[in-house]
Amino acid sequence: MFPEERKRRILERVRSGGSVTVQDLSQAFGVSESTIRRDLRELEQEGLLERTHGGAVAADPTRAEPSYAEKSDQNRAEKMAIARVAAGMVHDGASIILDAGTTTLEVARLLKDRRDLTVVTNSYPIAAELAEAPGVEVIVTGGSVRGTTLALVGPLAERALEQVNVDITFLGTNGIDLERGLTTPTPAEASVKRRMIAAARKVVVVADSTKAGRVAFATVAPVSKMDMLITDRGMDPRLAGELMARGVQVLTAE
């Protein structure tokens, strides 16, 4: 079967059933799972479906990026577990960047008892969360607010980040893909995240397993820019293995 015919049949299955798995498609078409993943990636790039952990679902052209409140409710237990691991890395006297996001907000909530901690953030929910913590100095980047993420972006945010050097950046992401790297929905947020990466001695990505294999519109950086990924038990073990082979430490939050 030619690749185009196989992809056409994959689309038919997605549209009729709503979702498919890589394993089922591999068995149905008699090809390797890596071939199926490549097909799904190409179909997603054409906007014909959306990849998920272990498979794909039908694309919804009317679906917008979820609101901040909606994201806060998604995978809450996993985010809290990830946050506990991340917060355990932050000691008194440290300087860190907390990227805007719902997982990094959970990290912030666990840092209120730190002493002599400096937190740089482009998130006003995080700034508000830490504002009254007596041992935490909060530095807000400034910039324009994105309503869906409550992130501060643009030249003001970027210039602020260019002037700091921190121990750790805790970075959020919408997608982690071996070929496309770390991705996010908008170029403005991608640009700010790149400044956060450049400002830190260590880059820790905090992302639940639903981000595995996903590719959003704007590329932030290759996966090699990560020093560590903190995720949950649902992470694709093959992706985790590939990341570790490329020098990324992968921690699984229980």
Side-chain angles (χ1 to χ4, degrees), residues 65-153 156-158 160-161 163-174 182 184 189 192-197 199-211 220 226-232 251-254:
E65 184 180 359
S67 69
Y68 192 87
E70 290 170 333
K71 289 179 184 177
S72 295
D73 291 333
Q74 294 172 350
N75 307 304
R76 182 71 187 279
E78 288 82 358
K79 291 175 182 178
M80 293 176 70
I82 291 166
R84 285 192 291 271
V85 176
M89 300 173 59
V90 181
H91 304 294
D92 292 345
S95 59
I96 66 172
I97 290 173
L98 287 178
D99 185 16
T102 54
T103 305
T104 46
L105 177 60
E106 296 296 340
V107 177
R109 287 172 172 153
L110 299 176
L111 298 178
K112 294 180 181 181
D113 63 347
R114 298 301 192 273
R115 293 178 294 180
D116 194 28
L117 175 65
T118 301
V119 176
V120 181
T121 187
N122 68 326
S123 163
Y124 67 77
I126 289 176
E129 189 70 34
L130 293 173
E132 296 184 9
V136 181
E137 178 183 7
V138 182
I139 299 171
V140 182
T141 62
S144 303
V145 180
R146 282 203 70 225
T148 52
T149 60
L150 303 183
L152 296 164
V153 299
L156 288 176
E158 293 172 25
L161 291 164
Q163 297 177 53
V164 300
N165 301 284
V166 301
D167 299 316
I168 306 174
T169 282
F170 291 99
L171 197 75
T173 186
N174 292 74
L182 306 174
T184 196
E189 289 204 58
V192 168
K193 290 175 188 287
R194 284 193 289 271
R195 301 306 195 282
M196 292 178 171
I197 290 171
R201 287 200 292 267
K202 185 172 188 175
V203 177
V204 178
V205 173
V206 288
D208 65 72
S209 58
T210 63
K211 309 302 192 300
V220 176
M226 284 190 285
D227 294 300
M228 179 185 292
L229 169 66
I230 305 177
T231 187
D232 61 73
L251 297 183
T252 301
E254 297 294 335

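All values below come from the heavy atoms of this structure, side chains included, with hydrogens, waters and symmetry mates left out.
- Closest of all the heavy-atom pairs between I126 and A108 is CG2-CB, 3.9 Å.
- Side-chain contact between R76 and T102 is absent, with no heavy-atom pair separated by less than 4.5 Å.
- Using modelled atom types, no side-chain atom of D116 and backbone atom of D92 make a donor-acceptor pair closer than 3.5 Å.
- Looking at D99 and T104, their side chains never bring a donor and an acceptor atom within 3.5 Å of each other.
- M89 places a side-chain heavy atom less than 4.5 Å from the side chain of I230.
- Taking both residues in full, the closest heavy atoms of A157 and V192 are given as CB-CG2, 4.1 Å, listed atom of the first, atom of the second, then distance.
- Looking at T141 and L156, their side chains never come closer than 4.5 Å, going by heavy atoms from C-beta outward.
- Separating the CG atom in L98 from the CG atom in L105 is a distance of 9.0 Å, to the nearest 0.5 Å.
- Between K79 and E106, none of the side-chain N atoms (NZ, or NE/NH1/NH2) sits under 4.0 Å from a carboxylate O, so this pair counts as no salt bridge.
- Nearest approach of A86 to V206, heavy atoms of both residues: CB-CG1, 4.1 Å.
- A salt bridge links E129 and K112; the closest N-O separation between the charged side-chain nitrogens and carboxylate oxygens is under 4.0 Å.
- Contact detail for A207 and T231: the closest heavy-atom pair is O-OG1, 2.9 Å.
- Checked by atom type and distance alone, the side chain of R114 pairs as donor or acceptor with a backbone atom of V90 at under 3.5 Å.
- Side-chain atoms of S209 and E78 include no donor-acceptor pair closer than 3.5 Å.
- Proximity of Y124 to L150: side-chain heavy atoms (C-beta onward) are separated by under 4.5 Å at one or more points.
- The nearest pair of heavy atoms linking L152 to G142 is CB-O, 3.4 Å.
- V204 has its side chain out of reach of D227: every pair of non-hydrogen atoms, C-beta onward, lies at least 4.5 Å apart.
- Separating the CG atom in D232 from the NZ atom in K211 is a distance of 9.0 Å, to the nearest 0.5 Å.
- The side-chain heavy atoms of I197 and L171, taken from C-beta on, include a pair separated by under 4.5 Å.
- You'll find the side chain of I96 stays beyond 4.5 Å of the side chain of V120, heavy atoms only.
- Taking the side chain as every heavy atom from C-beta outward, T173 and T184 never approach each other to under 4.5 Å.
- Exactly one residue among V138, L130, V136 makes a side-chain contact (heavy atoms from CB on, under 4.5 Å) with L117. That residue is V136.
- A distance-only check finds no donor-acceptor pair linking the side chain of S95 to the backbone of T118 [under 3.5 Å].
- Taken to the nearest 0.5 Å, the CG atom of L111 stands 7.5 Å off from the CG atom of D113.
- Note on D167 versus K202: no salt bridge recorded, every NZ/NE/NH1/NH2 to OD/OE distance being 4.0 Å or above.
- Within a 6.0 Å radius of CZ in R115, other residues, nucleotides and ligands contribute 12 heavy atoms or fewer.
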